[in-house]
> 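Please see the structure below; I have some questions.
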Amino acid sequence: MDKKYIIGAVIAIIIVLLGGALLLGGNTPERGPGEIVVAAYSHGGEPEAGFDSIAGWNYYAEPLIQSTLLKMNTNGTYSNDLATDYQINSDYSKYTVNLRDDVKFTDGTPLTAEDVAFTFNAAKESGASLDLSALKEAKAVDDYTVEFDLDKSDSTFLDKLAYIGIVPSDSYNNETYGENPVGSGPYKFVQWDKGQQVILEKNPDYYGKMPQVEKITILFAQNEAAFNLAKNGEADIVAVPLEYGKEKIDGYTMYLMDTIDVRGISLPNVPDTGEVTEEDNYPIGNNVTSDIAVRKALNYGINRTALADGALNGLGVPSYDGVAHQLPWANPNAKIQDGDVAFANKTLEEAGWVDSDGDGIREKDGTKASFKIYYPPGAPERQALSLGVSEQAKEFGIEIEAIGAEWDEINPNKYSQGVVYGYGSTDPSDVGSRYYSSSPSNVVGINNSAIDAHIDAAMSESREASYKDWAAVSWDGTTGISAQGDAAWLWLGEIKYGYFVNDRVDISNDTALLQPHGGDLFSNVYDWTMTNATA
């Protein structure tokens with residue numbers, strides 16, 4: 001071989017190796033006392049809009065940079081954070097919150113009711129964070145009292161007080177804030193190296209319990225790249241897919257955290273009549289999944305235990321209605337005996353779905369029992385579930401094409417094909433948004449007046465009293481969204497989150513909150529300790 005080609009090949013190999021080292025975290029700095037490197041934040045990776053809570057930054061989880069009015073406790077109750085107390089009127093249409101008077105943003109300005117009102121009003125307008133559709137207006141009554149007036153009764157609005165980080169109203173700019181956020185949380189923003197990492201340092205003026213960890217560098221590596229960071233000792237806490245959940249790494253402990261995060265496949269409940277969405281012109285409906293017999297066959301024929309053992313690496317729990325079993329509105333009566341291929345075949349036959357041409361796929365009135373399910377390629381467990389469901393469905397004559405795609409391709413198909421979604425929140429209105437007939441988040445088009453009535457009742461009751469109605473959304477003995485009723489979705493399983501944690505860090509696993517969809521690893525960062533000085 002010509003010498004110049006040999007030299008060129010060697011140089012190319014060196015470049016590849018160096019590039020791989022950088023991707024795997026080879027440029028990660030040494031960690032000094034009190035410093036940790038994490039590749040586990042929010043599971044969704046780098047926030048496109050930056051660290052702006054109004055634009056959706058880390059809602060449902062500890063925002064670190066900003067403070068919230070309330071904080072969730074391990075038992076599902078709330079404690080005060082910025083709030084000192086709160087009052088709710090009798091029909092849950094007005095919430096009044098009193099604030100601490102000793103809190104400052106990291107730019108030195110005081111945090112007042114004006115900032116709280118501004119944050120919530122702006123978050124409602126942006127529509128990028130929580131569902132604040134019930135909020136009419138947030139207003140400052142005085143410097144340290146804020147009122148939230150709602151358009152309708154909503155007993156779940158209390159949950160929203162725990163999930164939106166407060167920003168400074170005077171200096172906030174929606175075009176620049178996300179890249180240089182100012183907050184009042186336990187950590188202050190230092191720098192964001194886009195595509196690589198964000199660096200936070202402890203806020204010396206924080207009003208609450210001071211964390212021991214002085215500096216946190218959050219890397220945006222995920223999946224195999226994150227696993228390699230742990231293998232190379234280049235990060236202290238690393239989130240990995242369940243396929244790595246049984247691996248072992250010297251110097252690390254694997255924590256498998258319980259979550260309320262569930263996975264399921266949306267099944268359009270309405271036929272394709274040519275209708276499209278008003279705003280985006282997305283097609284609506286599917287002539288296969290709109291037949292309840294198909295949805296019933298899938299719900300009863302798919303073996304969720306086999307999926308938990310295979311696709312979820314033996315680390316998942318079957319789910320029949322999309323509500324994690326730890327939540328107080330979980331409904332054990334929604335559980336069915338699944339994996340019943342005979343029942344699936346019988347249901348389809350009786351509904352007129354037959355395989356008349358012997359190709360293994362049933363058809364009815366000239367329509368093949370065939371549809372697509374989409375999953376984001378960055379979520380290995382969703383891919384595995386998609387492929388597992390597709391393979392099992394063949395046993396009773398349904399063809400499912402599993403397609404990995406980014407969300408800009410998935411969204412135009414979400415009203416007409418199946419999508420593997422993840423859900424899980426301590427806010428029960430998360431259930432209502434999926435199934436209320438007029439909700440924009442009701443992608444399957446389910447329309448059941450009894451379900452609507454249960455949701456309306458739950459919104460008008462105290463949190464504890466509402467649990468029975470939230471549970472009845474799944475199954476009330478007569479109807480519901482679960483397999484015995486409308487079989488509106490194909491819910492599959494609850495997942496766990498796997499974290500490799502370096503032995504130099506103690507993340508106080510016994511004080512961690514249940515992990516919602518997206519993760520809340522830092523929920524108990526105030527309890528973390530450093531067991532070794534450097535790494």
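The analysis underlying the following values was restricted to heavy atoms, covering all of them including side chains, and did not include hydrogens, waters or symmetry mates.
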> Just so I know, are the side chains of Val317 and Ile495 near enough to count as touching, which here means a heavy-atom distance under 4.5 Å?
no
> Checking side chain to side chain contact (heavy atoms under 4.5 Å, CB included) against Ile166, which of Val103, Leu82, Leu99 comes through?
Leu82
> Test of understanding: with side chain to side chain donor-acceptor pair (under 3.5 Å), list the residues that count as partners of Ser437, not counting sequence neighbours.
Asp452
> How would you list, by chain and number, every residue that makes a side-chain contact (heavy atoms from CB on, under 4.5 Å) with Thr77, sequence neighbours excluded?
Asn73, Asn75
> Tell me, which pairs form a salt bridge (charged side-chain N to carboxylate O under 4.0 Å, His left out) where one or both residues lie in residues 420-433, sequence neighbours left out?
Lys160-Asp427, Asp430-Arg434
> Could you walk me through whether Tyr172 and Phe118 pass the ring-ring contact (aromatic ring centres under 6.0 Å, His included) check?
CA-CA 10 Å; Tyr172 177 82; Phe118 170 82; 5.5 Å; yes
> For Ser474, enumerate each residue passing the side chain to side chain donor-acceptor pair (under 3.5 Å) test, keeping only those at least two apart in sequence or located in another chain.
Asp321
> Which of these, Leu521, Leu315, Val240, Asp261, sits in a side chain to side chain contact (heavy atoms under 4.5 Å, CB included) with Tyr497?
Asp261
> Which salt bridge (charged side-chain N to carboxylate O under 4.0 Å, His left out) pairs, counting each pair once, include a residue from residues 102-112, with sequence neighbours left out?
Arg100-Asp102
> Apply side chain to side chain donor-acceptor pair (under 3.5 Å) to Ser133 and list each qualifying residue two or more places apart in sequence or on a separate chain.
Asp131
> Apply side chain to side chain donor-acceptor pair (under 3.5 Å) to Ser67 and Tyr207, showing your working.
CA-CA 10 Å; Ser67 302; Tyr207 55 89; 2.9 Å; yes
> Give every residue pair that meets the salt bridge (charged side-chain N to carboxylate O under 4.0 Å, His left out) criterion with at least one member in residues 64-85, sequence neighbours excluded.
Glu62-Lys71, Lys71-Asp81
> Are Asp142 and Thr145 linked by a side-chain donor-acceptor pair shorter than 3.5 Å?
yes
> With Tyr320, which residues qualify under side chain to side chain donor-acceptor pair (under 3.5 Å), at least two apart?
none
> Side chains of Asn448 and Thr479 only: does a donor on one sit below 3.5 Å from an acceptor on the other?
yes
> Over 60° means perpendicular and under 30° means parallel, so classify the ring planes of Phe51 and Phe189, tilted if in between.
tilted
> Checking Ser508 against Tyr526: is there a side-chain donor and acceptor pair closer than 3.5 Å?
no
> Taking only residues two or more places apart in sequence or in another chain, which ones pass side-chain contact (heavy atoms from CB on, under 4.5 Å) with Asp151?
Lys136
> Between the side chains of Gln87 and Asn89, is a donor N or O closer than 3.5 angstrom to an acceptor N or O?
no
> Relative to each other, are the rings of His517 and Tyr423 parallel, tilted or perpendicular (30° and 60° limits)?
tilted
> Does any N or O in the side chain of Asp236 come within less than 3.5 Å of the main-chain N or O of Val505, such that one atom is a donor and the other an acceptor?
no
> Going by the salt bridge (charged side-chain N to carboxylate O under 4.0 Å, His left out) test, which pairs reach into residues 522-531, not counting sequence neighbours?
Lys209-Asp527
> Sequence neighbours excluded, which residues qualify as salt bridge (charged side-chain N to carboxylate O under 4.0 Å, His left out) partners of Lys468?
Glu461
> Do you know which of Phe157, Trp57, Tyr60 makes ring pair (Phe, Tyr, Trp, His ring centres under 6.0 Å) with Tyr163?
Tyr60
> Per the salt bridge (Lys or Arg N to Asp or Glu O under 4.0 Å) rule, which among Glu179, Glu48, Glu46 passes with Lys194?
Glu179
> Looking only at the side chains, is there a donor atom on one of Ser155 and Ser466 sitting less than 3.5 Å from an acceptor on the other?
no
> Of all residues at least two apart in sequence or in a different chain, which pass the ring-ring contact (aromatic ring centres under 6.0 Å, His included) check with Phe120?
Phe148
> Determine whether Thr259 and Gln326 satisfy the following criterion, side-chain contact (heavy atoms from CB on, under 4.5 Å), listing intermediate values before the conclusion.
CA-CA 9 Å; Thr259 80; Gln326 304 98 325; over 6 Å; no
> Side chains of Asn524 and Thr511: donor-acceptor distance under 3.5 Å anywhere?
yes
> Where the side chain of Asp520 meets the backbone of Pro516, is there a donor-acceptor pair that is under 3.5 Å apart?
no
